[in-house]
Trainee: 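Let me give you the structure first, and then I'll get to my questions.
Residue numbers run from 1 in the order of the sequence given. Computed over heavy atoms, backbone and side chain alike; hydrogens, waters and symmetry mates excluded.
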Amino acid sequence: NRAYVLNNLESVAYEAGKILLEMQSRALSLETPKDIVTDADLASEKIIMTKLGEVFPGVPFLSEEAGGEEKQEGLLFVLDPIDGTGNYFLQDDHWSVSIGLAENGRTIAGVVFMPGKGIMFSAADTIATRAPLLSKIRLQRPMPLNHSQYWTEWVKEEHGGADNDRACAIMRALHRRTLLPSVRNSATASLMEIVMGRIAGHVFSKPTPFDIGAALLIVEQAGGRVTEFDGGPWSVFSPNVLATNGAHHDELLRIIDKA
């Protein structure tokens, strides 16, 4: 029952977000060999995994901090207890709690909660995107490409500089053809800007499952278009993704291909 799943995901995301807001002003950065992690990340993750584990026993987790198996068969919870930890730590409000439920690598239900902005988004493969605290879901009206804004992300480097070189090349290409491309350091929160009609799209050359496990379905179910860079269908494990309001999507794919 997709409605039952969404209701539970929303409830757990709200509970985690409430704790995160309480902890934000005093969050402690922890020593880690990878990206910045705070004690709040771990507190949020514990709440989410404990609560969902009670309601959906036996469904495994793939989490930003705790890890897990990239299971492409059966059910899998994919979660990021704070996407945009750097923003959170710096007292910005552009961060989110992201929880997706995937089946055979495809998201079937997802929630993105932005506690700092007080907005929650959710969708299922059979339920259109909803955001109870917004007056309505609306994508940005189509505008000329040079008047359309697309955001992107820096990436986690694993290939001696090639990954960041690719991200920079895409940023340069967007800068030449579109309006003031930006990086806001929280992919899930940035993808919700499409749903709110504030930007035309988001380009991500090397996402992780935690970045897209909920957000892409929410964009799609709000009427947006999501593909990999080759124009093919996306999954939780896609190596790259383009999400747009539908306008200029194919042209963006050509721009990215030439970048």
Trainee: Could you check whether any side-chain N or O of H248 sits under 3.5 Å from a backbone N or O of M143, counting only pairs where one atom can act as donor and the other as acceptor?
Mentor: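 Confirmed, H248 side chain pairs with M143 backbone.
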Trainee: Please assess N146 against L179 for the test side chain to side chain contact (heavy atoms under 4.5 Å, CB included), listing each intermediate value before the final yes or no.
Mentor: CA-CA 5 Å; N146 64 339; L179 179 66; over 6 Å; no
Trainee: For the residue pair M192 and M114, what are the closest heavy atoms and their distance?
Mentor: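 Reported closest heavy-atom pair: CB-SD, 3.9 Å.
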Trainee: Keeping the roles fixed (side chain from N245, backbone from Q140), state whether a donor-acceptor pair exists under 3.5 Å.
Mentor: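 Checking the backbone N and O of Q140 against the side chain of N245, a donor-acceptor pair under 3.5 Å is found.
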Trainee: Between the side chains of D39 and R26, is the shortest nitrogen-to-carboxylate-oxygen separation below 4.0 Å, so that they form an ion pair?
Mentor: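 A salt bridge is absent here (no side-chain N lies under 4.0 Å from a carboxylate O).
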Trainee: Can you tell me how far CD of E65 sits from CG of D80, rounded to the nearest 0.5 angstrom?
Mentor: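 Here the interatomic distance stands at 6.5 Å.
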Trainee: Give a yes or no on whether a salt bridge exists between D92 and R184, defined as a side-chain N under 4.0 angstrom from a carboxylate O.
Mentor: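 A salt bridge is present here (some side-chain N lies under 4.0 Å from a carboxylate O).
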Trainee: Which of these passes side chain to side chain contact (heavy atoms under 4.5 Å, CB included) with V226: L217, I218, L242, L216?
Mentor: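 Only one of L217, I218, L242, L216 forms a side chain to side chain contact (heavy atoms under 4.5 Å, CB included) with V226, namely L216.
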Trainee: Measure from the side-chain N and O atoms of S44 to the backbone N and O of P81, and report whether any donor-acceptor pair falls under 3.5 Å.
Mentor: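 Pair found, side chain donor or acceptor close to backbone of P81.
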Trainee: Once you round to the nearest 0.5 Å, how far does CG of L90 lie from CH2 of W95?
Mentor: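 So the gap between those two atoms works out to 13.0 Å.
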Trainee: Does F237 offer a backbone N or O that forms a donor-acceptor pair with the side chain of E70 under 3.5 Å?
Mentor: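 No; judged by distance alone, with no hydrogens or angles, the pair does not exist.
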Trainee: Give a yes or no on whether the backbone of S98 and the side-chain of S96 come within a donor-acceptor separation of less than 3.5 Å.
Mentor: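 Checking the backbone N and O of S98 against the side chain of S96, no donor-acceptor pair under 3.5 Å is found.
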Trainee: So which heavy atom on A40 is nearest to which on L20, and how close?
Mentor: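 In terms of heavy atoms, the two residues are closest at O-CD2, 3.4 Å.
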Trainee: If every non-hydrogen atom of A222 is compared with every non-hydrogen atom of I137, which pair is closest and at what distance?
Mentor: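 Here A222 and I137 meet closest at CB-CG2, 3.8 Å.
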Trainee: Would you check if the side chain of D211 reaches a backbone N or O of T188 as a donor-acceptor pair within less than 3.5 Å?
Mentor: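 Looks like no, no N/O pair under 3.5 Å.
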Trainee: With distance as the sole criterion, is a donor-acceptor pair present between the side chains of D41 and T85 under 3.5 Å?
Mentor: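 Yes, T85 and D41 have a side-chain donor paired with an acceptor closer than 3.5 Å.
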Trainee: Any side-chain to backbone donor/acceptor pair from Y88 onto Q24? Under 3.5 Å, distance only.
Mentor: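 Such a contact is found between Y88 side chain and Q24 backbone.
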Trainee: So does E73 have more than 12 non-hydrogen atoms from other groups sitting under 6.0 Å from CD?
Mentor: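 For E73, atom CD is not crowded (no more than 12 foreign heavy atoms under 6.0 Å).
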Trainee: Looking at K46, I'd like to know if its NZ atom is crowded, meaning that more than 12 non-hydrogen atoms belonging to other residues, nucleotides or ligands lie closer than 6.0 Å.
Mentor: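 Count not over threshold, so no.
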Trainee: With no hydrogens and no angle check, is any side-chain donor or acceptor of S238 less than 3.5 Å from a backbone partner on W234?
Mentor: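 Pair absent, no side-chain N/O of S238 close to backbone of W234.
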Trainee: Going through the distances and angles, do I48 and L52 end up as a side chain to side chain contact (heavy atoms under 4.5 Å, CB included)?
Mentor: CA-CA 6 Å; I48 295 168; L52 290 181; 3.8 Å; yes
Trainee: Would H202 and E193 satisfy side-chain hydrogen bond (donor to acceptor under 3.5 Å, both in side chains), going step by step from the backbone distance to the final call?
Mentor: CA-CA 9 Å; H202 185 272; E193 298 289 327; over 6 Å; no
Trainee: Could you point out which residue of V203, L252, D257 forms a side chain to side chain contact (heavy atoms under 4.5 Å, CB included) with F229?
Mentor: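 That would be V203.
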Trainee: Ignoring hydrogens and angles, tell me if any N or O in the side chain of S11 forms a donor-acceptor pair with the backbone of N7 under 3.5 Å.
Mentor: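 No, S11 side chain to N7 backbone: no donor-acceptor pair under 3.5 Å.
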Trainee: To the nearest 0.5 Å, tell me how far K206 NZ sits from W154 CH2.
Mentor: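 Reported value, rounded in 0.5 Å steps: 14.5 Å.
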Trainee: Apply side-chain hydrogen bond (donor to acceptor under 3.5 Å, both in side chains) to the pair H249 and T244, showing each step before the final yes or no.
Mentor: CA-CA 6 Å; H249 192 99; T244 70; 2.8 Å; yes
Trainee: Is any NZ, NE, NH1 or NH2 atom of the basic residue among R106 and E220 found under 4.0 Å from an Asp or Glu carboxylate oxygen of the other?
Mentor: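 Salt bridge between R106 and E220, a charged N being under 4.0 Å from a carboxylate O: yes.
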Trainee: Should I170 and V183 be counted in the same cluster of Ile, Leu, Val, Met, Phe, Trp and Tyr side chains packed under 4.5 Å apart?
Mentor: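 No.
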Trainee: Grouping I, L, V, M, F, W and Y whenever their side-chain heavy atoms are under 4.5 Å apart, do I82 and V111 come out in a common cluster?
Mentor: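 Looking at the clustering, V111 is in the same group as I82.
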Trainee: Would you please classify the geometry between the F61 ring and the F77 ring as parallel, tilted or perpendicular, with 30° and 60° separating the classes?
Mentor: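 The rings of F77 and F61 lie parallel, inter-plane angle below 30°.
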Trainee: Check this for me: does any side-chain nitrogen of one of K71 and E103 sit under 4.0 Å from a carboxylate oxygen of the other?
Mentor: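 Judged by the 4.0 Å cut-off on N to carboxylate O distance, K71 and E103 do not form a salt bridge.
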Trainee: How many angstroms lie between CZ in R141 and CG in L139, if you round to the nearest 0.5 Å?
Mentor: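 If we round to the nearest 0.5 Å, R141:CZ and L139:CG are 13.5 Å apart.
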Trainee: Could you grab the distance from atom CG of L6 to atom OG1 of T126, nearest 0.5 Å is fine?
Mentor: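 It comes to 8.0 Å.
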Trainee: Give the intermediate values and the outcome of salt bridge (charged side-chain N to carboxylate O under 4.0 Å, His left out) for residues R177 and E251.
Mentor: CA-CA 10 Å; R177 300 292 302 279; E251 188 171 1; 2.9 Å; yes
Trainee: Does the side chain of R225 reach to within under 4.5 Å of the side chain of D250, using non-hydrogen atoms?
Mentor: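 They are in side-chain contact.
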Trainee: Identify the two heavy atoms, one from I99 and one from L9, that lie closest to each other, and give their separation to 0.1 Å.
Mentor: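 Reported closest heavy-atom pair: CG2-CD2, 3.8 Å.
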Trainee: Counting N and O atoms only, with roles assigned by atom type, does the side chain of T107 sit under 3.5 Å from a partner on the main chain of G213, one being a donor and the other an acceptor?
Mentor: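 Yes.
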Trainee: Dump the intermediate steps for side chain to side chain contact (heavy atoms under 4.5 Å, CB included) on E64 and D83, then the final yes or no.
Mentor: CA-CA 9 Å; E64 172 78 9; D83 183 41; over 6 Å; no
Trainee: Working note: T129 + V195, criterion side chain to side chain contact (heavy atoms under 4.5 Å, CB included); need CA distance, chi angles, decisive distance, verdict.
Mentor: CA-CA 9 Å; T129 297; V195 178; 4.2 Å; yes
Trainee: I need the L174 CG to I256 CD1 distance, nearest 0.5 Å.
Mentor: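 The CD1 atom of I256 is 6.5 Å from CG of L174, to the nearest 0.5 Å.
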Trainee: Could you give me the CA-CA distance, side-chain angles and deciding distance for T178 and H147, then say whether side-chain hydrogen bond (donor to acceptor under 3.5 Å, both in side chains) is met?
Mentor: CA-CA 6 Å; T178 69; H147 291 168; over 6 Å; no
